[in-house]
Amino acid sequence: MLPMKYALVGTVAVIVMLAGFPAAAHHSFAAEFDETKPVKVTGTITKVEWQNPHIWFYVDVKNADGTVTNWAFSGGAPGQLMRRGITRETLKIGAEVVVEGFRAKDASNNGFGQKVTYPDGRNVFTANAPSQQ
């Protein structure tokens, strides 16, 4: 009977620990991105991660010297985006896009992707304005 008690306690501990992961993974805009450092890049979408708490999409940007830099952009939450008519298929892998947003505070090639524009002029707003984050 005693081992069953430990199994129950262990199970509850694991559930509590796992329940904390989504909350720990979610950060405010101000914690990660710098509103005073706008970024605008043109490149090709290479990957889309459609998962909570925020989507991430990746864009290869060709530099003047011919090298390629991969940028990672955070967007809105999947549910929020779908309510606005933006689905995973809206960000098509292989598509040429212009991404506007804000740079990560750590100066890495990460950013907050607020707006994606396709060559035909169609705009996709992947996140709310920083003041609404």
Side-chain angles (χ1 to χ4, degrees):
M1 192 72 153
L2 193 58
M4 183 64 151
K5 180 179 177 182
Y6 289 120
L8 180 61
V9 169
T11 301
V12 170
V14 168
I15 290 170
V16 169
M17 190 171 66
L18 290 176
F21 278 122
H26 185 260
H27 303 285
S28 73
F29 172 88
E32 293 186 61
F33 305 105
D34 189 340
E35 193 171 359
T36 67
K37 293 187 180 168
V39 64
K40 182 176 182 179
V41 300
T42 301
T44 305
I45 297 175
T46 59
K47 182 178 175 183
V48 178
E49 294 176 350
W50 195 265
Q51 58 195 21
N52 283 317
H54 296 281
I55 69 160
W56 281 86
F57 60 100
Y58 301 82
V59 178
D60 275 353
V61 176
K62 191 176 239 183
N63 301 312
D65 64 3
T67 60
V68 174
T69 301
N70 185 256
W71 279 80
F73 290 99
S74 175
Q80 173 193 49
L81 296 175
M82 290 188 309
R83 284 189 295 277
R84 293 183 357 219
I86 301 168
T87 66
R88 178 183 202 124
E89 291 74 34
T90 304
L91 298 169
K92 296 184 184 298
I93 294 175
E96 292 291 319
V97 293
V98 175
V99 181
E100 296 176 66
F102 299 92
R103 241 191 135 121
K105 284 187 171 183
D106 66 4
S108 64
N109 293 329
N110 290 339
F112 173 78
Q114 188 173 5
K115 179 179 170 184
V116 176
T117 305
Y118 283 89
D120 65 4
R122 182 171 42 104
N123 291 320
V124 176
F125 294 90
T126 62
N128 289 330
S131 61
Q132 297 176 345
Q133 291 294 311

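Keep in mind that the numbers below use all heavy atoms, side chains included, and drop hydrogens, waters and symmetry copies.
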Could you walk me through whether Arg103 and Asn109 pass the side-chain contact (heavy atoms from CB on, under 4.5 Å) check?
CA-CA 8 Å; Arg103 241 191 135 121; Asn109 293 329; 3.6 Å; yes
Would you call Glu100 and Val116 a side-chain contact if the rule is heavy atoms closer than 4.5 Å?
no
Apply side chain to side chain donor-acceptor pair (under 3.5 Å) to Arg84 and list each qualifying residue two or more places apart in sequence or on a separate chain.
Asn128
Side-chain donor or acceptor of Asn63 paired with backbone N/O of Asp65 under 3.5 Å:
no
Answer yes or no: is there a side-chain heavy-atom contact under 4.5 Å between Met82 and Trp50?
yes
How close do Gly111 and Trp56 get, heavy atom to heavy atom, and via which atoms?
O-CZ3, 4.3 Å
Nearest atoms (heavy-atom pairs only) where Tyr118 meets Ile45
OH-CD1, 4.1 Å
Atom NZ of Lys105 with >12 non-hydrogen neighbours under 6.0 angstrom:
yes
From Arg122 atom CZ to Thr90 atom OG1, the distance as rounded to the nearest 0.5 Å
7.0 Å
Could you pull out the closest heavy-atom pair between Ala104 and Phe33, with the gap in Å?
CA-CD2, 3.8 Å
Identify the heavy atoms of Gly75 and Ala127 that sit nearest to each other, and give their distance.
C-CB, 4.1 Å
Work out which heavy atom in Val59 is nearest to a heavy atom in Val99; give both atom names and the distance.
CG2-CG2, 4.0 Å
Are Phe125 and Phe112 joined in one hydrophobic group, where the rule is that I, L, V, M, F, W and Y side chains link up if heavy atoms are under 4.5 Å apart?
no
Joint hydrophobic cluster, Val98 plus Val39, side-chain heavy atoms closer than 4.5 Å:
no
Of all the heavy-atom pairs spanning Thr42 and Val61, show the shortest one and how long it is.
O-CG1, 3.5 Å
Heavy-atom distance under 4.5 Å between the side chains of Thr117 and Lys40, does that happen here?
no
Quick one, Glu49 and Tyr58 - any side-chain contact, counting heavy atoms below 4.5 Å?
yes
Given side chains that start at C-beta, do those of Thr69 and Val41 come closer than 4.5 Å, heavy atoms only?
no
Do Asn52 and Pro78 have side chains that get closer than 4.5 Å, going by heavy atoms?
yes
Do any pairs count as a ring-ring contact (aromatic ring centres under 6.0 Å, His included) and have a residue in residues 73-108, sequence neighbours left out, and if so which ones?
Phe29-Phe102, Phe57-Phe73, Trp71-Phe73
How long is the span from the CZ atom in Arg88 to the CG atom in Leu81, to the nearest 0.5 Å?
12.0 Å
